[in-house]
Student: 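Here it is: the structure, laid out below.
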2 protein chains.
Amino acid sequence: MSERPAHGWQTVREEVLRRIAEKIWRPGDPIPNEADLAAELGCARATVNRALRSLSDDGLLDRRRKGGTRIARQPVGRATIEIPLIRTAIAERGARYGYRLIERQEAVAPGAVSAALGTAADAAFLHVVSLHLADEAPYALEDRWIVLGTVPEARDEGFEAISANEWLVRHLPFTRAESEFSAVPAAAARSGALDTAPGDALIVHRRRTWLGDKPITQVDMTFAPGHRIRTQQ
Amino acid sequence: MSERPAHGWQTVREEVLRRIAEKIWRPGDPIPNEADLAAELGCARATVNRALRSLSDDGLLDRRRKGGTRIARQPVGRATIEIPLIRTAIAERGARYGYRLIERQEAVAPGAVSAALGTAADAAFLHVVSLHLADEAPYALEDRWIVLGTVPEARDEGFEAISANEWLVRHLPFTRAESEFSAVPAAAARSGALDTAPGDALIVHRRRTWLGDKPITQVDMTFAPGHRIRTQQ
DNA sequence: CAGTGGTCTAGACCACATA
DNA sequence: ATGTGGTCTAGACCACTGT
């Protein structure tokens, strides 16, 4: 009958969600403290804590020491986007993956790149531009700057058969990342490789990663027209 | 000297991150099980569990019962975007907030909208279009469909002084949300209100919310040219 | 079957914010 | 000063899954 232990934290979570959905508890309302809820629901306080913490992480509750727990007045919207390997994303759509290297050269990065990553202005970078294809059609243009001081092994890789996207993911973990999404007109530099029509708008995902405090890379992934980025449920 | 209890879960988390960053543990490597790690680090297994679970949530570890814990081969990128009230976002930039209602009428929603929300094809919606301004300049165009079956009180609100964005957030919590980002050319319908130049590209954030299993609304928030969506650190 | 992570419990102490 | 959430502990049982 019951899938979960009758008093598991997910059960508590669902009970709280139910009370919100049925307007037993309304935005701004205080809810009982953990000890009282635990007594009412017949479980340990730690279990209630786990459930309320998960709801608080989701932005549905506001919690303060001494102040207690309230239903959030503005349920903070949070959207979590999963960022797969491009090859994986294409394979999951059931399409054949293709890859083409466009440019690869050592260079000094533009000031904005080195500044954002926190390297010296004259630090050595590897600049790799490539195209990912799904069933022969352009899918995404990858424009990447790799910090050679952190990833010297990249010098020995030609990136002719494997994308920098994939090579990095295989060779180096990261512990911190920043993302930024914006829209650019198809007329922008390099987007010609994407087979766009004049007037198309493209979505760009810029990402920077670090390992500990050492910068690894910045990448601009520009997607073909019509691409959508969805949150996972 | 130490900010946290010497054996808190954050300390364990940082120790694991350190071992990844210093390549003591490499992608794909198994790490000791929870009991062993707890003994090594001198804390309870539950504390180790808390730390490893948080790293697993961040995509840095792969955990499987019986299989043990490994450093992720592909640290799954996850970007979490916070979605503030538009008025709050503008105030945080230090700009003056302005609001203008463009259209408000009861209507049947396009099939794609009712289908995505899961309402009947002929369900009653309120269609509200409005403009948010920062220091008199257009900031975002809000195009919203409200499910009147779920939110009948919206019939009594003119949305002349308060945006639907804000009114909904004040009146109704939600328990589930979906987001989708895309790029559109400035030429697209209605974007004229955003003071765009020909050739501009705009980023659109489409969002749908539910309360329990009842659909609340779908909104397309189209931002002025140059807008960027950043992840929180 | 056996080893691992997932979770629950009961109790305790602590940090913090508020009254 | 006090009540609240945040966390740690030690122990236990369970669910899943690889062997």
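So that the names make sense, note that chain A is the first sequence line, chain B the second, and so on, each numbered from 1.
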Student: Return the CG to CD1 distance between Leu37(B) and Ile31(B), rounded to the nearest 0.5 Å.
Tutor: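 Those atoms lie 5.5 Å apart.
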Student: Hey, what's the ring geometry for Phe181(A) with Phe181(B), parallel, tilted or perpendicular (30° and 60° as the breaks)?
Tutor: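 If you compare the ring of Phe181(A) with that of Phe181(B), the planes turn out parallel.
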Student: Could you check how far CZ of Arg53(A) sits from P of dC8(D), rounded to whole Å?
Tutor: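 Distance check: Arg53(A) CZ to dC8(D) P gives 10 Å.
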Student: Return each pair, listed once, that meets salt bridge (charged side-chain N to carboxylate O under 4.0 Å, His left out) where at least one residue sits in residues 145-162 of chain B; pairs must be two or more places apart or across chains.
Tutor: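 The answer is Glu106(B)-Arg155(B).
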Student: Can you check whether Thr69(A) has a side-chain N or O nearer than 4.0 Å to OP1 or OP2 of dG5(D)?
Tutor: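 Result: yes.
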Student: If you only use heavy atoms from C-beta on, which nucleotide in dG6(D), dT7(C), dC8(D) is closest to the side chain of Asn49(A)?
Tutor: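 Closest nucleotide to the Asn49(A) side chain: dG6(D).
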Student: Among dT9(D), dG6(D), dG6(C), find the nucleotide with the atom closest to the side chain of Arg63(B).
Tutor: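 My answer, after comparing the listed nucleotides, is dG6(C).
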Student: Name every residue in residues 25-37 of chain B that has at least one heavy atom under 4.0 Å from any atom of DNA chain D, in order of residue number, or write none if there are no such residues.
Tutor: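 Close to the strand, none.
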Student: Mind checking the CG-OG1 spacing from Leu17(B) to Thr175(A)? Nearest 0.5 Å is all I need.
Tutor: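 These two atoms lie 6.0 Å from each other.
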Student: Take the angle between the ring planes of His132(A) and Tyr97(A) and call it parallel below 30°, perpendicular above 60°, tilted in between.
Tutor: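 Judged by the thresholds at 30° and 60°, the geometry between His132(A) and Tyr97(A) is tilted.
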Student: Select one nucleotide: of dG6(D), dT9(C), dT7(D), the one nearest the side-chain heavy atoms of Arg50(B).
Tutor: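 Nearest nucleotide to the side chain: dT7(D).
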Student: To the nearest 0.5 Å, tell me how far Glu180(A) CD sits from Ile81(B) CD1.
Tutor: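 Reported to 0.5 Å precision, the distance equals 11.0 Å.
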Student: Return a single string for nucleotides 11-19 of chain D, one symbol per nucleotide in 5' to 3' order, where B is base contact, S is sugar-phosphate-only contact and - is none, cutoff 4.0 angstrom on heavy atoms.
Tutor: -B--BBBB-
Student: Could you work out how much the helix from dC1(C)-dG18(D) to dT18(C)-dA1(D) bends, comparing the axis of its first five pairs with that of its last five, to 10°?
Tutor: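 End-to-end axis angle for the helix from dC1(C)-dG18(D) to dT18(C)-dA1(D): 20°, rounded to 10°.
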Student: Distance check needed: dT18(C) P versus Arg70(A) CZ, whole Å only.
Tutor: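 In whole Å, dT18(C) P lies 11 Å from Arg70(A) CZ.
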Student: Out of Arg63(B), Arg53(B), Arg65(B), Arg50(B), which residue meets the salt bridge (Lys or Arg N to Asp or Glu O under 4.0 Å) rule with Glu34(B)?
Tutor: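 It is Arg63(B); the other options fail the test.
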Student: To the nearest angstrom, how far is Gln10(B) atom CD from dA15(C) atom C1'?
Tutor: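 My rounded result for the distance is 14 Å.
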Student: Around Arg18(A), counting heavy atoms of other residues, nucleotides and ligands shown, do more than 12 lie under 6.0 Å from its CZ?
Tutor: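 More than 12 heavy atoms, drawn from other residues, nucleotides or ligands, come within 6.0 Å of this atom.
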Student: Could you list the residues that satisfy side chain to side chain donor-acceptor pair (under 3.5 Å) with Arg64(A), not counting sequence neighbours?
Tutor: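 Once residues adjacent in sequence are excluded, Arg64(A) has no partner under the side chain to side chain donor-acceptor pair (under 3.5 Å) criterion.
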Student: How would you list, by chain and number, every residue that makes a side chain to side chain donor-acceptor pair (under 3.5 Å) with Arg170(B), sequence neighbours excluded?
Tutor: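 Arg170(B) satisfies side chain to side chain donor-acceptor pair (under 3.5 Å) with Glu166(B) once adjacent residues are dropped.
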Student: Can you measure from CG (Asp58(B)) to CZ (Arg176(A)) and round to the nearest 0.5 angstrom?
Tutor: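 Atom-to-atom, Asp58(B):CG and Arg176(A):CZ are 13.0 Å apart.
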Student: How many whole angstroms separate atom CG of Asp62(A) from atom P of dG6(D)?
Tutor: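 So the two atoms are 12 Å apart, to the nearest Å.
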Student: Please tell me if Thr47(A) has a side-chain N or O lying less than 4.0 Å from either OP1 or OP2 of dT9(C).
Tutor: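 Answer is yes, contact under 4.0 Å.
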